[in-house]
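As structure tokens, the structure follows; a few thoughts come after it.
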Number of protein chains: 2
Amino acid sequence: MVANSLRARVRAEMIDEIKAAARRHLATDGANLSLRAVARDLGMASSAIYRYFPSRDDLLTTLILEAYMALGDAVEAADAAVDRDDLRGRWFAGCRAARAWALANPAEYALLYGSPVPGYTAPDDTVEPALRPPMTLIGIARDGLAAGQLTPPPTDDLPQPVRADLTDIAASLVPGMPAALLARGMAGWTQLFGLISFELFGRIKGGLPHRDDYFDHQIALMADLVGLPR
Amino acid sequence: MVANSLRARVRAEMIDEIKAAARRHLATDGANLSLRAVARDLGMASSAIYRYFPSRDDLLTTLILEAYMALGDAVEAADAAVDRDDLRGRWFAGCRAARAWALANPAEYALLYGSPVPGYTAPDDTVEPALRPPMTLIGIARDGLAAGQLTPPPTDDLPQPVRADLTDIAASLVPGMPAALLARGMAGWTQLFGLISFELFGRIKGGLPHRDDYFDHQIALMADLVGLPR
DNA sequence: TCCAATTCGAGAGCAGTGCTCTTGACGGGT
DNA sequence: ACCCGTCAAGAGCACTGCTCTCGAATTGGA
């Protein structure tokens with residue numbers, strides 16, 4: 001086993017190198033990165049890569065999973081660094097962390113939240129990591145409610161079918177969360193995604209030099225909508 | 001000229017057939033459609049297509065432009081069909097029309113609002129059509145303000161740098177629009193984009209059977225944020 | 001009416017892609 | 001010392017966008 005671990009270690013390093021090279025190409029080639037190109041980078045034949053990843057889609061899946069984890073870590077860490085009772089501070093920290101991660105890793109963000117790759121369908125392993133960022137944000141509202149810092153929106157705000165759906169979701173993911181508050185939290189997450197996507201995919205560029213301030217303000221609007229106290 | 005128009009007409013029909021076939025492939029292949037495949041569909045050599053479109057990217061650009069126009073038409077028509085004074089009705093009509101168009105043409109929506117195609121950069125012709133849908137929505141708020149049905153949000157809501165940027169944008173695109181109201185209108189558009197994208201790119205599907213109702217409710221939240229009277 | 005000019009389609013070819021299969025070499029466990 | 005699993009390389013298949021050339025068809029003017 002110890003002797004075998006030598007081989008395994010070399011193999012693990014090889015896998016890491018492939019992933020690193022693939023990530024590098026991701027930045028320029030987007031989702032359709034070339035296996036042959038990463039093989040060239042590593043000075044090996046393209047066929048050799050198939051010893052480590054059964055297919056190109058499989059490599060992509062690995063990159064996607066790790067990207068989800070990285071984004072989730074960033075958001076959770078930012079949230080955790082703020083005083084638990086400072087709801088608004090936590091909201092800002094989480095949202096800013098997501099944006100910062102996206103701006104730092106635009107290709108990976110596009111892989112996660114851009115248009116789906118045509119032939120590719122994400123495996124089920126990805127749904128749990130994909131839930132971490134929004135759950136972190138919604139957790140802030142839940143904490144505020146539990147601490148009595150936040151009054152939930154009136155439930156008659158919510159049409160019956162939506163209330164039923166959201167109650168089910170809350171029951172399985174955020175126990176004790178009122179449906180109407182969950183709806184507002186999801187609105188905040190949707191808005192965050194839209195903001196980052198617009199900024200990253202370039203549909204804003206013209207005239208909006210103070211992007212940081214604009215982002216903060218839009219996030220503040222949603223914080224108000226969720227009901228986080230100022 | 002009349003004799004020439006025969007050739008010109010055949011050419012125009014050929015172009016239409018190519019675009020139609022390309023749109024058909026767009027649904028399955030996404031952004032990386034194959035010129036050879038559409039050529040096969042039309043029973044011609046792949047090289048013949050280059051008589052009509054100088055490159056594959058050029059074909060894509062044409063499809064993108066027409067998609068923007070179609071979406072803009074849909075939203076504007078829906079808005080125009082509602083009584084001018086029914087602000088909330090217009091807001092719902094416009095948003096629902098955008099969603100309906102996206103659900104009916106998912107591939108084209110992905111082309112417009114998904115991750116940018118790696119090597120491809122959209123020409124400047126696309127920015128004006130791209131502005132039509134959000135401008136229609138923001139126009140609703142502008143009309144409401146002009147009619148006195150809507151009280152603008154307090155300007156001190158807006159940090160100074162953002163106010164400056166948005167004032168400039170308003171001056172060139174929506175004259176007479178207060179910056180703080182423009183900010184909320186843009187938030188509504190961002191939210192609409194996020195909602196449609198989440199639904200289309202499949203990150204919601206699990207447990208949310210009443211999508212229409214959910215969409216309406218989220219849109220209503222933003223209508224409230226913009227200040228459209230109930 | 002005939003002719004030159006333009007337009008068009010088809011085919012071959014280039015460089016690139018993902019992926020498969022075969023071949024040969026290396027090295028760890030018995 | 002041998003054997004067998006692991007690995008890398010190469011050839012090859014079907015595909016891609018794109019270019020070029022070469023005949024055929026159509027056009028507008030003389």
Side-chain angles (χ1 to χ4, degrees), chain A residues 1-19 21-64 111 116-121, chain B residues 1-19 21-64 111 116-121:
Chain A
M1 273 305 173
V2 177
N4 195 4
S5 79
L6 191 153
R7 213 181 199 126
R9 219 191 54 208
V10 164
R11 183 180 175 83
E13 284 176 9
M14 196 72 231
I15 288 182
D16 280 347
E17 281 189 47
I18 293 177
K19 287 191 290 191
R23 251 185 286 264
R24 225 175 302 131
H25 279 280
L26 212 59
T28 67
D29 297 343
N32 46 11
L33 58 82
S34 157
L35 270 193
R36 292 180 122 107
V38 316
R40 264 194 302 271
D41 270 21
L42 302 180
M44 53 164 42
S46 66
S47 54
I49 298 217
Y50 287 85
R51 295 276 166 194
Y52 302 93
F53 294 93
S55 78
R56 198 198 68 124
D57 282 5
D58 212 88
L59 209 181
L60 270 183
T61 298
T62 304
L63 294 182
I64 288 178
L111 210 55
V117 183
Y120 174 84
T121 52
Chain B
M1 272 306 173
V2 177
N4 193 4
S5 78
L6 192 153
R7 204 178 203 132
R9 219 192 54 208
V10 163
R11 183 180 175 84
E13 283 175 10
M14 196 72 230
I15 289 182
D16 280 347
E17 280 189 48
I18 293 177
K19 287 191 291 192
R23 251 185 285 266
R24 223 176 303 132
H25 279 281
L26 212 57
T28 66
D29 297 343
N32 46 12
L33 59 83
S34 156
L35 269 194
R36 291 180 123 108
V38 316
R40 265 193 302 272
D41 270 21
L42 302 179
M44 53 165 39
S46 66
S47 56
I49 299 219
Y50 287 85
R51 297 277 172 196
Y52 302 92
F53 292 94
S55 79
R56 198 198 68 123
D57 282 5
D58 213 89
L59 209 182
L60 270 183
T61 298
T62 304
L63 294 181
I64 288 177
L111 209 55
V117 183
Y120 174 84
T121 52

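FYI, side chains are in, hydrogens and waters are out, and symmetry mates aren't considered; it's all heavy atoms of this structure.
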Could you say whether A48(B) or S34(A) is positioned toward the 5' end of DNA chain C, judged by the nucleotide with the nearest heavy atom to each?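 Between the two, 5'-proximity favours A48(B).
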Given that G43(B) and R36(A) both sit by DNA chain C, which one's nearest nucleotide is further toward the 5' end?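 Result: G43(B).
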Nearest whole angstrom, please: distance from the [atom2] of [N] to the [atom1] of [X].
X      : N       : atom1 : atom2 : answer
D29(A) : dG18(C) : CG    : C1'   : 14 Å
M44(A) : dT6(D)  : CE    : P     : 17 Å
I15(A) : dA8(D)  : CD1   : P     : 11 Å
I18(A) : dA8(D)  : CD1   : C1'   : 12 Å
Y50(B) : dC18(D) : OH    : C1'   : 5 Å
H25(B) : dC15(D) : NE2   : P     : 13 Å
D58(A) : dC19(C) : CG    : P     : 10 Å
L59(A) : dG18(C) : CG    : P     : 11 Å

dT7(C) phosphate, OP1 or OP2, under 4.0 Å from R51(B) side-chain N/O: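 Negative; the distance criterion is not met.
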Indicate whether OP1 or OP2 belonging to dA14(D) is found under 4.0 Å from a side-chain N or O atom of R40(B).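 Negative; the distance criterion is not met.
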Would you indicate what F53(A) reaches in the nucleic acid, counting non-hydrogen atoms under 4.0 angstrom: base, sugar-phosphate, or nothing?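 Contact class for F53(A): none.
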Identify whether any heavy atom of L42(B) sits under 4.0 Å from a base atom; if not, whether one sits that close to sugar-phosphate; answer base, sugar-phosphate or nothing.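 No contact at all - L42(B) keeps every heavy atom at 4.0 Å or more from the nucleic acid.
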Are any non-hydrogen side-chain atoms of I15(A) and F53(A) less than 4.5 angstrom apart?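 Heavy-atom side-chain distance check passes, below 4.5 Å.
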Should M44(B) and M14(B) count as side-chain neighbours, where that means a heavy-atom distance under 4.5 Å?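 M44(B) reaches M14(B) side chain to side chain.
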For the backbone of D58(A) and the side chain of T62(A), can you confirm whether one donor and one acceptor N or O come within less than 3.5 Å of each other?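 Between the backbone of D58(A) and the side chain of T62(A) there is a qualifying donor-acceptor contact (under 3.5 Å).
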Return the CZ to CG distance between R56(A) and L33(A), rounded to the nearest 0.5 Å.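 Result: 5.5 Å between the selected atoms.
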Quick check on DNA chain D: between R56(B) and M14(A), whose nearest nucleotide comes earlier from the 5' end?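 Upstream on the strand: M14(A).
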For R40(B), give me all partners under side chain to side chain contact (heavy atoms under 4.5 Å, CB included), at least two apart in sequence or on another chain.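 With neighbours one apart ignored, the set is R36(B), A37(B).
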Between the base of dG18(C) and the side chain of S46(A), is there a donor-acceptor distance below 3.5 Å?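 No pair found.
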Is there a donor N/O on one and an acceptor N/O on the other, under 3.5 Å, for the side chain of S47(B) and the base of dG11(C)?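 When only heavy-atom distances are counted, S47(B) does reach the base of dG11(C) through a donor-acceptor pair under 3.5 Å.
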